Amino acid sequence: MSNRRTRGSRQSSGASRISDDQIADLVSKLQLLIPESRSTRSSEKVAASKVLQETCNYIRSLHREVEDLSDRLSVLLESTESDSAQAAIIRSLFM
């Protein structure tokens, strides 16, 4: 028996096991949160692996967007007088 199968057997006896139906429900909910997946008809079955991959890609793109916005705010803050009201607003966006 493989190590993966052995681990699965041990987990199945535990009280915290998630059923296949619960996993399917969670994947469906996750699919609704991902913009690329929203266009898929709700009746259409999408593989959980595809939903998870799209989720990872979406999180990566959000991370890049946050970094870009942070960089842009930093540049804006550097070009603003440090004691101005505008600088205070920009600093508050970092927190």
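Only heavy atoms go into these numbers, but all of them, side chains included; no hydrogens, no water, no symmetry mates. None of these values were measured; they are calculated from a predicted model. By convention here, the first residue in the shown sequence is residue 1.
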Please check this pair: side chain of [X] against backbone of [Y], looking for a donor-acceptor N/O pair closer than 3.5 Å.
X: S61; Y: Y58; answer: yes
X: S70; Y: V66; answer: no
X: R91; Y: L77; answer: no

Which atom of [X] lies closest to which atom of [Y], heavy atoms considered:
X: V46; Y: Q31; answer: CG2-NE2, 3.3 Å
X: T80; Y: S84; answer: CG2-OG, 3.2 Å
X: I90; Y: L73; answer: CG2-O, 3.7 Å
X: A87; Y: S82; answer: CB-O, 3.7 Å

Single-linkage hydrophobic cluster, 4.5 Å side-chain cutoff, L93 and L76 together
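Linked within one cluster.
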NZ/NE/NH1/NH2 to OD/OE distance under 4.0 Å, D68 and R64
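Judged by the 4.0 Å cut-off on N to carboxylate O distance, D68 and R64 do not form a salt bridge.
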Take a 6.0 Å sphere around [atom1] of [X] and say whether it holds more than 12 heavy atoms from other residues, nucleotides or ligands.
X: I18; atom1: CD1; value: no
X: E65; atom1: CD; value: no
X: D20; atom1: CG; value: no
X: Q22; atom1: CD; value: yes

Any chance you could measure [X], atom [atom1], to [Y], atom [atom2], to the nearest 0.5 Å?
X: L32; Y: K29; atom1: CG; atom2: NZ; result: 9.5 Å
X: T55; Y: L33; atom1: OG1; atom2: CG; result: 8.0 Å
X: E81; Y: Q86; atom1: CD; atom2: CD; result: 10.0 Å

Partner of I23 under side-chain contact (heavy atoms from CB on, under 4.5 Å), chosen from D21, L26, V27:
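That would be V27; it is the only one of D21, L26, V27 passing the side-chain contact (heavy atoms from CB on, under 4.5 Å) with I23.
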